[in-house]
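The first residue of the sequence shown is numbered 1, and numbering continues consecutively from there.
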Amino acid sequence: MKTFHSPSHPLAQSVSCGSIGQDAEDHWRNMATLSADYWWEMDSEFRLMKLEVLNEGASWLFEGSDSVGKHLWEIGFDLKTDNGWDAWQERLELHEPFRDVVLQRGVNNDSACYVSISGAPQFDENNRFSGYHGIARDVTEAQRLHNSLVRFRTAMDQCGDSVYLVDRGTMRFIDVNATAVEKMGYTREELLRMGPADLLKMPIEEIEKSYDAVIAAGDVGLKTESQARTKGDEAELIAEMHRRPLQDGNNWIIVSIARDITQRKQAENALNERNVAMRLVLDNIEQGLLMLDKQGNVLPEYSAAFEAWFGAPEAGHPFGDFLARIDEVFGVEFSMAFEQCLDGILPLDLCISQAPKVLHQDGRYYEFSYRAIVDDAGELTGMLVVVADKTAERERERLVSEQRETLTVLDKVVSDRQGFTEFATEAEELLVAISDWRATKVAVKRAIHTLKGNCMIFGVQSVADLCHDIESEMDDSDGLPLNGQVEKLKAGWEQLCRSLATIMGDRDQSLLEIGPEEFNAILEAALDERDHQEIATMLADLKLEPTVTRLQRVSGQAKSLAARLHQTDIDVIIEDSGLRLDPHRWAGFWSAFVHVVRNAVDHGLGNRVRHQEHDGDGGRLTLNTQVEGEEFVISIQDNGLGIDWKKVGDHARRVGMPCDTRAELEEALFTDGMSTMDVVSECSGRGVGLSAIRAACAANRGTIEIDSQIGCGTTFTFRFPRETMAATPSEYLKSGSCR
């Protein structure tokens with residue numbers, strides 16, 4: 001036993017127990033050695049005049065003789081009360097006894113030491129106050145356990161689910177979280193005087209039986225659904241319960257996590273009543289909880305769900321490093337965001353918002369959210385990480401997206417079956433071209449860009465998105481698409497075809513469109529016994545497609561694209577001249593023609609809207625087919641801002657192309673990679689479309705003319721030999737096109 005005192009102090013010899021007597025004091029001190037770590041004495045000015053270490057293991061809490069002669073607040077202790085030393089001194093001035101006052105040395109809750117002191121006032125033989133005598137106990141371990149429980153309570157209170165800890169022996173709650181208090185309508189104190197039988201709508205015998213089953217299940221625990229009553233029976237809740245056992249000595253504690261699924265059940269029941277086959281079943285999604293200290297290191301407290309998903313993180317190590325072992329990019333992004341939190345330059349909420357939110361691992365999607373823990377001064381002291389498994393929700397979104405796309409495509413099929421059939425046939429030909437490993441990069445990019453544009457027009461957004469991703473990858477890698485990407489694209493198309501197989505049937509069926517006037521004209525020619533060649537020509541014309549049908553289809557495509565780009569309604573004027581074309585011979589041209597339409601809507605009319613160059617009229621397109629002498633002519637005119645020839649010239653100079661004359665500028669405009677758009681979008685900006693239409697035009701022996709001035713709109717005119725419009729009747733028979 002070590003004793004430290006201050007014999008030089010004038011009161012050192014006069015302090016005694018007064019009326020208690022020396023024998024009683026000695027007896028008291030002897031008893032104190034059985035329950036305390038220190039015996040201490042203060043003088044009337046509350047200075048520590050004597051200190052006896054009763055437990056050598058606790059001697060490090062005080063600094064020995066350096067502590068004697070000083071006030072407690074002078075030797076490095078803080079008082080663990082809200083009012084501090086001033087309030088405690090006021091109590092000492094009243095000469096009142098005190099008990100179990102906790103003092104702290106050190107500021108970090110995980111490394112500080114704590115001592116609990118109790119004291120009684122002393123008076124001399126004249127009943128004058130002479131100081132305090134008392135004992136002290138080392139309560140460091142107990143206080144650290146309390147701090148850990150406070151952190152655990154904080155984590156529980158942040159959980160969106162109700163958490164209950166139940167003593168199996170007494171069937172009473174020993175702890176609940178804030179969500180449970182909010183859901184049930186009771187105060188925490190009220191709930192801690194109750195048990196599960198007071199809330200659940202089932203006999204206590206069944207509850208006890210279910211708890212025994214949870215204990216038998218071990219760490220896996222059990223999941224059930226239960227009905228509960230709120231305070232005053234104001235509402236009935238349906239909860240999804242996940243219970244796990246926790247052994248505390250000889251006692252068992254049942255940890256119950258209750259998720260309120262009342263609304264989900266109501267939604268499921270309503271959905272089942274409307275359409276049982278289409279109802280959505282929500283998977284159980286547990287939350288992962290994890291605490292970090294102010295340096296971003298993992299604290300020992302984290303949920304079992306987190307460990308089940310990602311493994312056990314090592315306490316005291318950076319959480320960013322742990323995440324980087326799962327996903328390197330995700331881990332680095334988290335570390336950077338947390339470092340900004342520590343820098344204190346940007347607002348804390350802004351720094352946290354920059355932390356990564358979604359982690360994709362082994363086919364599952366996890367959503368991360370972060371809540372800062374701050375002190376009274378607003379300084380970061382830690383962070384709570386909450387993780388939710390969003391896999392089921394992502395899957396539901398994918399299914400809903402697929403259903404929406406299928407309905408959109410079905411609408412296109414119903415309204416324009418022939419057009420969709422041509423689109424499907426062309427799409428399969430383009431997929432073959434994309435899959436050809438012998439093809440050039442230019443040819444593949446044209447095929448992908450054309451397929452993307454047609455898919456967007458007909459509402460097949462999933463395939464269009466895949467095309468867009470492949471285009472981006474090809475731009476980055478400067479090579480052909482990877483086999484895996486092509487196979488994914490083909491699989492997406494095949495999935496759509498399977499969905500439409502029942503409705504579409506045989507796409508090869510040939511249907512003839514004939515109006516009353518045409519029918520009457522053929523009948524009249526036959527009755528008049530006109531020349532066989534004339535009648536044959538009239539019959540062969542029935543296999544041709546009216547250009548008005550095609551132009552109307554293009555009009556719908558233009559309006560759909562304008563709506564997609566959030567433009568105002570556009571006016572489309574059609575001038576078809578009553579002409580017909582061979583649909584097979586012209587399928588490739590019309591497929592590529594969509595690029596010109598997209599350019600007119602996005603570049604021409606879109607720039608007009610973006611630059612607010614309105615003249616009182618809305619956007620307008622004019623589509624025209626006509627015969628001029630021995631030429632068949634197709635044209636498309638917009639009232640947009642026109643082609644920015646300066647940008648065309650700038651691009652041409654960058655790639656080393658001549659651009660001094662108008663002819664050279666037009667040649668550059670049709671070159672692969674040419675675009676006047678500053679940013680690549682899903683609709684345009686890659687410089688592929690015009691090169692594709694020039695190739696399709698050349699395949700039909702055509703030429704292209706451009707008339708465009710800034711602010712005056714643009715007209716593309718395509719000229720073809722008249723004989724390319726359709727084959728003669730005999731040519732039809734030889735080619736088999738009449739079948």
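A pairwise comparison of heavy atoms in G363 and T391 identifies O-CG2, 4.1 Å as the closest pair. Nearest heavy atom pair, residue A558 against residue V597, reads CB-CG1, 3.8 Å. Closest heavy-atom contact between C659 and A652: CB-CB, 3.8 Å. Here the closest heavy-atom approach between residue G702 and residue F720 is recorded as CA-CD2, 3.4 Å. Shown here for A726 and D582, the closest heavy-atom pair between the two residues is CA-CB, 4.1 Å. The two residues V554 and L623 make their nearest non-hydrogen contact at CG1-CD1, 3.7 Å.
In summary, R364 and E395 do not engage in a salt bridge, as defined by a charged side-chain N under 4.0 Å from a carboxylate O. Electrostatic pairing of E631 and R722 does not count as a salt bridge here, judged by no charged N lying under 4.0 Å from a carboxylate O. Taking a cutoff of 4.0 Å between a charged side-chain nitrogen and a carboxylate oxygen, E471 and K452 qualify as a salt bridge. A salt bridge between R701 and E723 is present, with a side-chain N of the basic residue lying under 4.0 Å from a carboxylate O of the acidic one. Using a cut-off of 4.0 Å between Lys/Arg side-chain N and Asp/Glu carboxylate O, K357 and E367 are scored as not salt-bridged. Between E666 and R662 there is a salt bridge, since at least one side-chain N of the basic residue sits less than 4.0 Å from a carboxylate O of the acidic one. Taking 4.0 Å as the cut-off between side-chain N and carboxylate O, K647 and D650 do not count as a salt-bridged pair. Salt bridge E667/R694: present, at least one basic N to carboxylate O contact under 4.0 Å.
Side-chain atoms of S560 do not come within 3.5 Å of backbone N or O of Q557 as any donor-acceptor pair. Counting only distance, with no hydrogens or angles, the side chain of T450 and the backbone of A447 share no donor-acceptor pair below 3.5 Å. N639 contributes a side-chain N or O that, together with a main-chain N or O of R620, makes up a donor-acceptor pair within less than 3.5 Å. For the pair E664 (side chain) and T661 (backbone), a donor-acceptor distance under 3.5 Å is present. Under a 3.5 Å cut-off, the side chain of S435 and the backbone N or O of L431 do form a donor-acceptor pair. A distance-only check finds no donor-acceptor pair linking the side chain of T717 to the backbone of S635 [under 3.5 Å]. Side-chain N or O atoms of S591 include none that pairs as donor or acceptor with a backbone N or O of G588 at under 3.5 Å. With S577 contributing its side chain and T625 its backbone, the two residues share a donor-acceptor pair below 3.5 Å.
At a threshold of 4.5 Å between non-hydrogen side-chain atoms, the residues T671 and M657 count as touching. Using a 4.5 Å heavy-atom threshold, the side chains of L489 and L451 count as touching. In this structure the side chain of E575 never reaches within 4.5 angstrom of the side chain of Q626, judged on heavy atoms. Within the 4.5 Å cutoff, no side-chain heavy atoms of T715 are placed close to those of I636. With a 4.5 Å cut-off on side-chain heavy atoms, Y365 and D389 do not count as touching. Side-chain contact between I326 and Q361: present, with at least one pair of heavy atoms (C-beta onward) separated by less than 4.5 Å. Looking at heavy atoms from C-beta onward, L621 lies out of side-chain contact with I573 at the 4.5 angstrom threshold. Taking 4.5 Å as the limit, every side-chain heavy atom of V358 sits out of range of all side-chain heavy atoms of F330.
Note: T425 OG1 to H584 NE2 = 9.0 Å, rounded to the nearest 0.5 Å. How far OG of S462 is from CH2 of W493: 9.5 Å, rounded to the nearest 0.5 Å. The structure places OG1 of T547 at 4.5 Å from CG of D576, a figure rounded to the nearest 0.5 Å. To the nearest 0.5 angstrom, T622 atom OG1 is 10.0 Å from I574 atom CD1. How far CD1 of I704 is from CD1 of I693: 6.5 Å, rounded to the nearest 0.5 Å. Taken from CG in L579 to CG in N624, the straight-line distance is 9.0 Å, to the nearest 0.5 Å.
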Apply the test salt bridge (charged side-chain N to carboxylate O under 4.0 Å, His left out) to residues E705 and R719: give CA-CA distance (whole Å), side-chain angles for both, the deciding distance (0.1 Å), then the verdict. CA-CA 8 Å; E705 297 174 358; R719 296 183 178 276; 3.0 Å; yes
What verdict does the ring pair (Phe, Tyr, Trp, His ring centres under 6.0 Å) test give for F368 and F334, after you've listed the backbone C-alpha separation in whole Å, the side-chain angles of each residue and the deciding distance to 0.1 Å? CA-CA 11 Å; F368 282 64; F334 174 83; 8.3 Å; no
Kindly determine whether V627 and V633 satisfy side-chain contact (heavy atoms from CB on, under 4.5 Å), including the steps that lead there. CA-CA 6 Å; V627 173; V633 181; over 6 Å; no
Run the salt bridge (charged side-chain N to carboxylate O under 4.0 Å, His left out) test on E545 and R553 for me, step by step, so that the C-alpha distance in whole Å, both residues' side-chain angles and the decisive distance to 0.1 Å come before the verdict. CA-CA 12 Å; E545 178 186 53; R553 189 176 300 148; 3.6 Å; yes
Please determine whether side-chain contact (heavy atoms from CB on, under 4.5 Å) holds for the pair F716 and I634, giving the CA-CA distance in whole Å, both sets of side-chain angles, and the decisive distance to 0.1 Å. CA-CA 8 Å; F716 279 85; I634 302 174; over 6 Å; no
From CA spacing to verdict: side-chain contact (heavy atoms from CB on, under 4.5 Å), V444, M474: CA-CA 10 Å; V444 172; M474 290 181 69; 4.2 Å; yes
Decide yes or no on side-chain contact (heavy atoms from CB on, under 4.5 Å) for E328 and E333, but give the supporting numbers first. CA-CA 9 Å; E328 183 176 1; E333 289 179 352; over 6 Å; no
What's the verdict on side-chain hydrogen bond (donor to acceptor under 3.5 Å, both in side chains) for Q485 and E487, showing C-alpha distance, side-chain angles and the deciding distance? CA-CA 5 Å; Q485 294 175 313; E487 292 302 318; over 6 Å; no
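Ring geometry for W590 against W586 counts as tilted: the plane angle lies between 30° and 60°, on a 0 to 90° scale. Using cut-offs of 30° and 60° for the angle between ring planes, the F593 and F718 rings count as perpendicular.
Summarising the local packing, NZ of K646 is surrounded by 12 or fewer heavy atoms from other residues, nucleotides or ligands at distances under 6.0 Å.
Legend: residues meeting salt bridge (Lys or Arg N to Asp or Glu O under 4.0 Å) with D436, ordered by chain and number and at least two apart, are R438. Residues satisfying the salt bridge (Lys or Arg N to Asp or Glu O under 4.0 Å) test with K559, not counting sequence neighbours, are none.
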